[in-house]
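For reference, the structure is listed below as structure tokens.
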Number of protein chains: 2
Amino acid sequence: MRQDARENRERILAAAEQVFGTHGEAGSTEEVARLAGVGIATVFRHFPAKETLIEATLVRHFTGLLDRTRAAAAAPDPTAALTALIRDLIKHGATKLTLASMLGAAPPPAVVAAAGQVKAGVDAVLRRAQATGEIRQDVGVDELYLLIRALTQTTTVSPAPPAVLDRAIDVILAGFATGKGAGR
Amino acid sequence: MRQDARENRERILAAAEQVFGTHGEAGSTEEVARLAGVGIATVFRHFPAKETLIEATLVRHFTGLLDRTRAAAAAPDPTAALTALIRDLIKHGATKLTLASMLGAAPPPAVVAAAGQVKAGVDAVLRRAQATGEIRQDVGVDELYLLIRALTQTTTVSPAPPAVLDRAIDVILAGFATGKGAGR
DNA sequence: GGGTTAGCGAAGTCCGGACTCCGTTTACGC
DNA sequence: GCGTAAACGGAGTCCGGACTTCGCTAACCC
């Protein structure tokens with residue numbers, strides 16, 4: 001592959017993350033092309049269909065999340081690492097997880113695999129924190145991941161004031177701490 | 001207004017809630033018409049633009065939520081009422097709150113008003129529960145409403161297993177209970 | 001029960017966005 | 001530098017979905 005082609009591909013993916021992240025799948029391919037500074041034909045040469053472009057954008061995005069998750073797994077204090085990871089995923093890393101809802105019921109295997117790796121990474125961080133006894137044992141990564149996804153998605157669609165989001169995350173963290181049975 | 005017109009209007013709104021709730025704003029007007037058992041022109045006669053239809057659907061929906069909220073405000077045990085309301089809004093009542101994200105940055109005043117009433121209703125229930133001392137004082141309705149919206153939206157877009165959702169709600173409820181400072 | 005008119009549905013028009021064609025440009029090996 | 005083929009961009013085509021038109025149907029009033 002020629003070097004300019006490689007560069008364009010990267011610029012298209014970056015533009016796509018921006019556009020689809022902001023407008024959801026309603027974002028148009030032409031907008032992506034304009035933002036990337038290329039012609040629309042170039043977009044379709046690299047990604048034969050809009051769906052392909054979305055898929056590649058998602059995989060790229062999840063790969064970025066995976067890096068953050070890996071870093072958390074290696075941090076010294078397990079519980080602090082977990083809470084920091086939760087904040088991190090919700091506030092910075094996962095800005096465009098909304099994308100995940102764009103493929104509906106049948107996401108392509110590559111995306112499922114990438115998302116699964118991230119979830120597995122979060123699971124590892126969670127278990128390590130549970131082992132310290134500071135985090136409840138009776139909840140698993142499914143619940144945590146659901147909550148992360150939910151807040152990420154919602155704040156992406158309609159941003160909440162940072163202070164509100166912070167306190168909402170506090171509530172979740174308090175709910176995950178030990179010292180209280182199942183809520184009710 | 002003639003009686004058949006009124007009936008059709010109601011059937012169209014019910015169909016719209018179904019269609020837009022399932023497919024988001026990607027749902028087509030034609031689909032709504034088919035589900036309502038009327039011609040597409042009838043839909044446009046009652047609601048001159050798709051946006052108008054969506055707006056009316058949202059107001060109708062929020063009105064339904066308001067009823068549930070009012071009922072909770074009148075229930076005997078404040079804390080039990082709050083937890084039940086949270087579950088209720090997330091699991092049954094708010095199935096299509098996703099719609100709320102459909103109008104983007106500038107929702108029509110009627111929708112804002114309807115949503116505001118619901119939020120005020122939730123606030124009343126929350127304050128009553130806080131007065132018992134069983135619910136943390138350092139969080140407000142903003143955080144609660146954000147979490148409800150988040151879970152509602154996410155589970156609408158990609159349903160989570162009921163057991164997972166239940167436990168996730170438990171975590172939130174535990175986070176709202178007193179007996180632990182701000183999470184961290 | 002008959003006239004009137006609000007209300008109806010099917011068959012359109014129109015537009016925006018996904019995708020293609022083709023003449024031109026430009027990176028890269030010699 | 002120059003030939004060549006990979007890569008490009010803009011001007012299309014095509015389709016699906018929002019909205020309109022118009023001849024017909026049937027509720028309501030008397």
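Given the structure is predicted, the values throughout are model-derived calculations rather than measurements. Letters A, B, ... mirror the listed sequences (proteins, then strands); counts begin at 1.
- Looking at A:R11, its side chain never comes within 3.5 Å of a backbone N or O of A:G37 through a donor-acceptor pair.
- If B:F44 and A:H46 are placed on DNA chain D by their nearest nucleotide, the residue sitting closer to the 5' end is A:H46.
- Rounded to the nearest 0.5 Å, atoms CZ (A:F176) and CD (A:E134) are 15.0 Å apart.
- Residue B:R34 qualifies as enclosed at atom CZ: its count of foreign heavy atoms under 6.0 Å is above 12.
- Listed by chain and residue number, B:R60 satisfy the salt bridge (charged side-chain N to carboxylate O under 4.0 Å, His left out) test with B:E10 (two or more places apart in sequence, or in another chain).
- What separates CZ of B:R45 from P of D:dA18 is a distance of 17 Å, to the nearest Å.
- In this structure a side-chain-to-backbone donor-acceptor pair under 3.5 Å is present from A:T178 to A:G133.
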Exercise. Is there a side chain to side chain donor-acceptor pair (under 3.5 Å) between B:T57 and B:E17 once you walk through the steps?
Worked result: CA-CA 6 Å; B:T57 307; B:E17 182 148 0; over 6 Å; no

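- When the shell of 6.0 Å around CZ of B:R127 is examined, it contains 12 or fewer heavy atoms from other residues, nucleotides or ligands.
- If you measure from atom CZ of A:R6 to atom P of D:dA6, you get 15 Å, rounded to the nearest angstrom.
- Non-hydrogen atoms lying under 4.0 Å from DNA chain C are contributed by A:T29, A:I40, A:A41, all within residues 29-42 of chain A.
- Mapping heavy-atom proximity under 4.0 Å, the span of DNA chain C touched by chain A runs 5' to 3' from C:dA18 to C:dC28.
- Taking only side-chain nitrogens and oxygens, A:N8 comes nearer than 4.0 Å to OP1 or OP2 of D:dC8.
- Side-chain N or O atoms of A:T132 include one that pairs as donor or acceptor with a backbone N or O of A:A129 at under 3.5 Å.
- Between the side chain of A:E30 and the backbone N or O of A:I40, no donor-acceptor pair lies under 3.5 Å.
- Salt bridge present: B:D170 and B:R87 bring a charged side-chain N and a carboxylate O closer than 4.0 Å.
- Heavy-atom contacts from other residues, nucleotides or ligands closer than 6.0 Å to CD of A:Q137 number more than 12.
- Under a 4.0 Å N-O distance rule, the pair A:K119/A:D142 qualifies as a salt bridge.
- Under the rule for a salt bridge (charged side-chain N to carboxylate O under 4.0 Å, His left out), A:R128 has no partner lying at least two apart in sequence or in another chain.
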Filtered N/O pairs between nucleotides 28-30 of chain D and protein, under 3.5 Å:
residue: D:dC28; atom: OP1; partner: B:Q3; partner atom: N; Å: 3.2

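- Rounded to 10°, the helix from C:dG1-D:dC30 to C:dC30-D:dG1 has 30° between the axis fitted to its first five pairs and the one fitted to its last five.
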